[in-house]
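Numbers here simply count residues along the sequence, with the first being 1. As the structure lists them, so they are numbered: ligands from 1, and atoms in each ligand from 1.
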Amino acid sequence: MVERLIIDHVGHRGDGVSLSSGEALYVPYTLAGETVEAAVIPGHPDRRKLLAVETPSGERIAPFCPHFGVCGGCAIQHWTPEPYQQWKRNIVVETLRAAKVECEVAPLIDAHGAGRRRATFHARMGTHDILRVGFAAANSHEIVPIDRCPILDPALDGALEAAWALAEALKPTGKPLDIQATATSNGLDIDIRGSGPLPPPRIAALSLVAEKHRLARLTRHGELVLMRNPPVVTMGTAQVTLPPGSFLQATVQGEETLAQLVIERVGKAKHVADLFCGVGPFALRLASRGRVIAMDNDAGSIAALQKAAGTPGLKPIRAEARDLFRRPLMPPELRDLDAVVFDPPRQGAQAQAKQLAASKVPVIVAVSCNVTTFARDVRMLIDGGYTLETVVPVDQFRHTPHVELVARLVR
Ligand SMILES: C[S@@+](CC[C@H](N)C(=O)[O-])C[C@H]1O[C@@H](n2cnc3c(N)ncnc32)[C@H](O)[C@@H]1O
């Protein structure tokens, strides 16, 4: 069934929201004020498929990627930058307001830079035994085969070709694959997941692809297949050799922006904890000024950080693998710290925030990739006596609804 709908506003996931039928209906790729033709999607009563834009918004622009609208990677390429940036900042404002967290929200800082330095391509066998390598379609497990992605950092050039070749080499297994490519100073680092155990001829075939595509390193489920050069990234003055599949901020500029905001907010603190530290983009920069305790549950990340911590000129970094959901740092362990930085995964840091709320740490810097769990965690800190200062939203996932935040809390 086809309907004509008027779009009221763009929702927090980037879909246009129509209220004209009395209930909220979500139509992707539409903008406020537009009249659109949309089709009912069986099984999804509140979603519609965009068929045509009858009266386009003056803020509509042509998307720059030929896959836009089919590939699920980007939600918004059809909107002029200024209202897009206001919309993204508003997601933060409205989510914090709904959680009754009162604070200033700074203008959005763009941190797309040269583009994404990491991408996970999916490889699946399609109908008629045809291999598909690309990204998942919007709201679907279907793979949209792609040959290029304009939001990737040019340092990832060659990654898609390598992913196609690796998927081709593993075609006989028939398994669905996730192929994560990361741009490093020494070239592409690729980790393949999903293949399961492989016989020696398949490993040999993968090695050949790695050689041909001049990959820095190829791993399978984190196990080394071939290393031509160590996959290294620069963080502050340190060189970090990435563990396979470890967390890394999506863009170089995103990492630098977040680190700069963290350093400014930590200020003159001489003894700092960096919790959920990953491979240490904050710790390695903070250590040029003071001593750092760094913790993360990923042992590979901690080992990489321990190695990089030996960089001449850095103050001591004590890096330790610890599950901070199960074993958060307790008030006695927090006693001697001048500042704590925490940057948890999307689930947030509920257990750690509870202990921080009971501590006397004078400065806490909260970094987050999820405004909902951020609001929950800072609520606990505010209730524990901390004052939340201006929240700064950072846009390293341009064209998507994802937004990062940095904020300082003091007592
Ligand atoms: C958003 S990343 C931030 C990493 C780092 N701050 C950065 O900017 O690269 C979240 C980190 O939390 C870690 N993590 C996830 N669950 C954890 C847990 N239960 N305990 C400790 N660390 C955890 C992940 O390994 C990941 O490195």
Colleague: Just grab all the salt bridge (Lys or Arg N to Asp or Glu O under 4.0 Å) pairs involving residues 354-381, residues at least two apart or on different chains.
Modeller: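 Those involving residues 354-381 are Arg379-Asp383.
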Colleague: Output every pair passing ring-ring contact (aromatic ring centres under 6.0 Å, His included) with a member in residues 131-167, not counting sequence neighbours, ordered by first then second residue.
Modeller: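 Those involving residues 131-167 are Phe121-Phe135.
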Colleague: Between Gly196 and Arg220, which heavy-atom pair has the shortest distance, and what is it?
Modeller: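 Minimum heavy-atom contact is O-NH1, 2.6 Å.
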Colleague: Given a heavy-atom cut-off of 4.0 Å, could you list the residues near ligand 1 in chain and number order?
Modeller: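 Within the 4.0 Å shell of ligand 1, which is judged on heavy atoms, sit Phe247, Gln249, Phe276, Cys277, Gly278, Pro281, Phe282, Asp296, Asn297, Asp298, Arg322, Asp323, Leu324, Phe325, Asp343, Pro344, Pro345.
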Colleague: Search all heavy atoms of His67 against all heavy atoms of Arg148 and return the closest pair with its distance.
Modeller: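 Looking at all heavy atoms of both residues, the shortest contact is CD2-O, 3.5 Å.
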Colleague: Provide the closest heavy-atom pair for Ala283 versus Ala294 in the form atom of the first, atom of the second, distance.
Modeller: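 For Ala283 versus Ala294, the nearest heavy atoms are CB-CB, 4.2 Å.
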Colleague: Salt bridge (Lys or Arg N to Asp or Glu O under 4.0 Å): which pairs involve residues 296-308, sequence neighbours left out?
Modeller: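 For residues 296-308: none.
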